[in-house]
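Here it is, the structure, as structure tokens.
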Amino acid sequence: MLLALLDDTVVNADAVALSPTMGWLLLAAAVFAALIFIAGSERWRRWWLTAEDPRSIAVFRIVFSVFVIANINGMWEYFEFLYTDEGIFPADVARQVFASQQFAGFGDGMVEGEPYGFFDAAGFWQFLQGPKWSLLYFWDSPAFFWAHLAAFHVAAISLLLGFRTRIAGILTWFLMNSILVRNHLGWEGTELVYRCMLAYLILARSGHAYSIDNWLRCRKLRKQGLLSERDGPGGGAGAPPSEEHPKGLEPIFRLIPSWPRKLIMLQLATIYLTTGTLKTGSVWMSGDSLYYALNLDHFYRVPPQYLSSLAGTTVFRGMTYAVKIGQTGFALILIGLITRELIKQKVPPLSTVRAWMMRLSFAGLIVSTAALGMVAWPVHFTPKVPAWSFGVFWIVLWGGIWLMWRKLTYEPWRVRKVFGRSLSHEAVLDREWFCRWILGRRVLLVWHLAFHAHIFTLMNVGQFQTGMLSVTFAFLHGREIATLLRDIGYRLSRVGIPMPRHAKLRLPIIPEANPNLKAVAHDKARLSMGVLLLGLVGVLAGIIVRVKVAPEWDFRWIWVATAAVVVVFAWRERGKAEREGHPTAWAYGPMGRLFVSGLLAWHLTAVATWLLPDKDCLSTFRPEARNAFAFWLTRTTTDQGWGMFAPNPPRSNVFMKVLVTDKEGNVWDLRTDLYAEEQMPLPWIWNTRLRKMNRRIIGGESGPSDWYRKWYARYECRQWAREHGGQSPAKVELVKVWYQIPSPEQTRQHGYYDPRELLERTGSERVSYTENCDRAVMGQLPNWIRERDGLPLLEEGEYRPWIKQRHDKWVRRHEIEAQKKARAEARKQAKAE
Amino acid sequence: MLLLGMRLLDFAIFGTLGTLWLGGAVFVVLLWRWVIRFERGDDVPPVKPEPMAQAVRPEPTRPPTRHQKPLVAAHS
């Protein structure tokens, strides 16, 4: 009750009342979307389940690995602060504040009757369930951390070089996350990008090109006379058995499953679409976001104030809209890519039944999404027009898109003259052209490059841009990469830089493996539409049972049973289908395809559900729906949220000042933020996490982060003692310092401002937290660090540990569970009698 | 310069940004040129799956026409 009163979030009761309707409409929209995919199941499988050239993902592997290493190394100044027992959270505190559930069965060994370690097998099982599998929760001395970091470097460099690529990838993923999940204080959106993309990368066979692994393989095959080479049979693409080579020849670049690369592309589109649609605040709408973002003192590389005074109300507004529109529209690149790919693959047209199913489902999707908008209309900030006008607009818009698509397909525009001048060739503006230009990579990827280049130049956000930019390579095909590298090599060779022969002579690139070789699957097995519809019905039945019946058992068993039935049908189909004859080079055989396809459907639904916006009109089902996928997403490190500078960017500059009062009563300012001149190097080149951590501690970030303050103040108590002969200070105060950024109009009118002068003149200060170092829990430097540093030891009772009584809680929890079980059992028996 | 309220730093910033904009524009133009050239002259023909054997309905043998003479007759 008290908490409810303190909570300043105002719940929109009208919106909450609409939530169940919104839930059913969303489900209807999801069912129509699923029906579209079922009707076009041939397209789905040709997009996701084909095999492809490995060179694209290989280049992504190399570039991305560099930045994975750079991102972790970027925290070097704070390694000991963040990840060791000399920092803010010693292991026992970290276990409690970041992973209490996971470590519920693990004792700290601080009180009698509570041993250090897992209490029993159930405690260990609880830990194994994750999601924070970090070695640093067990061992966190500086020596262990450095060894852990070294192991991460070895793994990541192996991944970069492509040496034992598969295992190196898994180790890099594990060790990177082992560092990151030990402490969330320094996390930025950057961490989410690296966790997600790395999870997808390690699913790809990225070591099949540009790697030591493939080089060693080719060397071995060459020695055995089994490699197809540039000038030999197959031209490097492999050759079937012949008289000369009875075993056939292996290709240099084997085909690999394409779906991990496609997931990476989809993930980038998802990031943009989510962040673009969440940017709904008034600052974005008025076009002032770039102005405010650029004038945040924590971010700019060079002072932006003068530029802001000239361009803040003109060019910056244009750029803000370019960001907003670009982010919201970037996902169209996938429509372009998928359409072109399917046109290239010559997918046969749909049968009449499927075509009508597709049309009706598409119409259903439009109507259900229109209804979603209309239902939510009264409880959102919307243009002042009635809800039905939105519905009409939406249906007309999609109807128009539908008609235009038909025109592009069947009666494309033919252009012979532009501005009165005749063209040398007639230009046909068909679907292919439209997907190449309007929805094409050459436009949208250039926007992506330009967007990040601008942020990278103007602001310092660590390795966020580099990680996002490296994803660009996943949008290119292997052949494009190979040709591009050769052409760059050719240019460089002409200015005298030594290059390999094929680049110097601009020889044709080596093709990827011949898809007609025996090793590639071409079987005709496929799931019938009936089985796919049965699968959909099973999924729907699970949801309806959960909502309407709410059984005691986990409703997801219905999904498991459905999956089992689908597997049985697939197994039968596998036996019946012909081995050869399908024109597509599949990534796997029939059962492999079923498994990956199912996994993709599950994962895409999970991410889509996870990213439902946190709105009152979705509040009655959103937490429950997310819960169904939480285990999967958090364990695969693909849980995500992309509300960057959304709904509005901050409009004030916030800093943290740390004041230490020693035992003599002298007050010392630790000069921890930009209000101190030495913390503001200009131009700002090397990123530091200090600024993010300061904002998070002192309240310059969204979300509940006040609890960090006490731990940070206690750390400063201990650190002061370490640096002052073991003598603790009397108290530590954390002060929030801030000033408002003038509006773009003010800056235009009055000219540029000097941030330091503005802070002095208009800034505010407030003590947000005070810690008494002698009395605070863990406010004293413990004896194990004093011994390490050779400092005088504390007397018995002077150190105040944090006793969590984990063992008692663990035992009590088991007792309660046993009682619950017994009660349920008794109820059951009573019912039976 | 004083009248405009500009500092040396501003010149440096504007100079760098201007160069980056021009550099970026040149990059985009070169990239597009390369893309269009790549599309026109993909020098490695894509490896396509071999044509699949199609089931063909056997056509009935045509009965000999009246004017057709037996082959042996031609030599006799």
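Here is the naming used below: chain letters follow the sequence lines, and residue numbers restart at 1 for every chain. Heavy atoms only: backbone and side chains are in, while hydrogens, waters and symmetry mates are out.
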- Query: Which bit of A:R301 is near chain B, if near means a heavy-atom gap under 4.5 Å: side chain, backbone, both or neither?
  - Reply: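 Contact with chain B is absent: no heavy atom of A:R301 under 4.5 Å.
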
- Message: With a 4.5 Å cut-off on side-chain heavy atoms, are A:P511 and A:R479 touching?
- Response: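 Yes. Closest side-chain heavy atoms under 4.5 Å.
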
- Item | Any donor-acceptor pair under 3.5 Å from A:R230 side chain to A:G236 backbone |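 Answer holds: no.
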
- salt bridge (Lys or Arg N to Asp or Glu O under 4.0 Å) against A:R526, all qualifying residues, sequence neighbours excluded: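 With sequence neighbours excluded, A:R526 shows a salt bridge (Lys or Arg N to Asp or Glu O under 4.0 Å) to A:E42, given in chain and number order.
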
- Item | Residue A:L682 versus chain B: region with a heavy atom under 4.5 Å |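 No part of it gets close to chain B.
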
- Task: Identify which part of A:P303 has an atom lying under 4.5 Å from any heavy atom of chain B, answering side chain, backbone, both or neither.
- Result: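 Both backbone and side chain.
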
- Message: Report which part of A:L310 has an atom under 4.5 Å of a heavy atom belonging to chain B: side chain, backbone, both, or neither.
- Response: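 The answer is the side chain of A:L310.
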
- Query: Is it true that a side-chain atom of A:R254 and a backbone atom of A:A513 form a donor plus acceptor pair closer than 3.5 Å?
  - Reply: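 Side chain of A:R254 to backbone of A:A513, a donor-acceptor pair under 3.5 Å: no, none is there.
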
- Message: If we define contacts as heavy-atom pairs under 4.5 Å, which of A:R441, A:Q305, A:R436 has the most with chain B?
- Response: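 Option with the top pair count is A:R436.
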
- Query: Is a salt bridge present between A:K344 and A:E432, judged by a nitrogen-to-oxygen distance below 4.0 Å?
  - Reply: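 Looking at A:E432 together with A:K344, the answer is no, because their closest N to O distance does not fall below 4.0 Å.
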
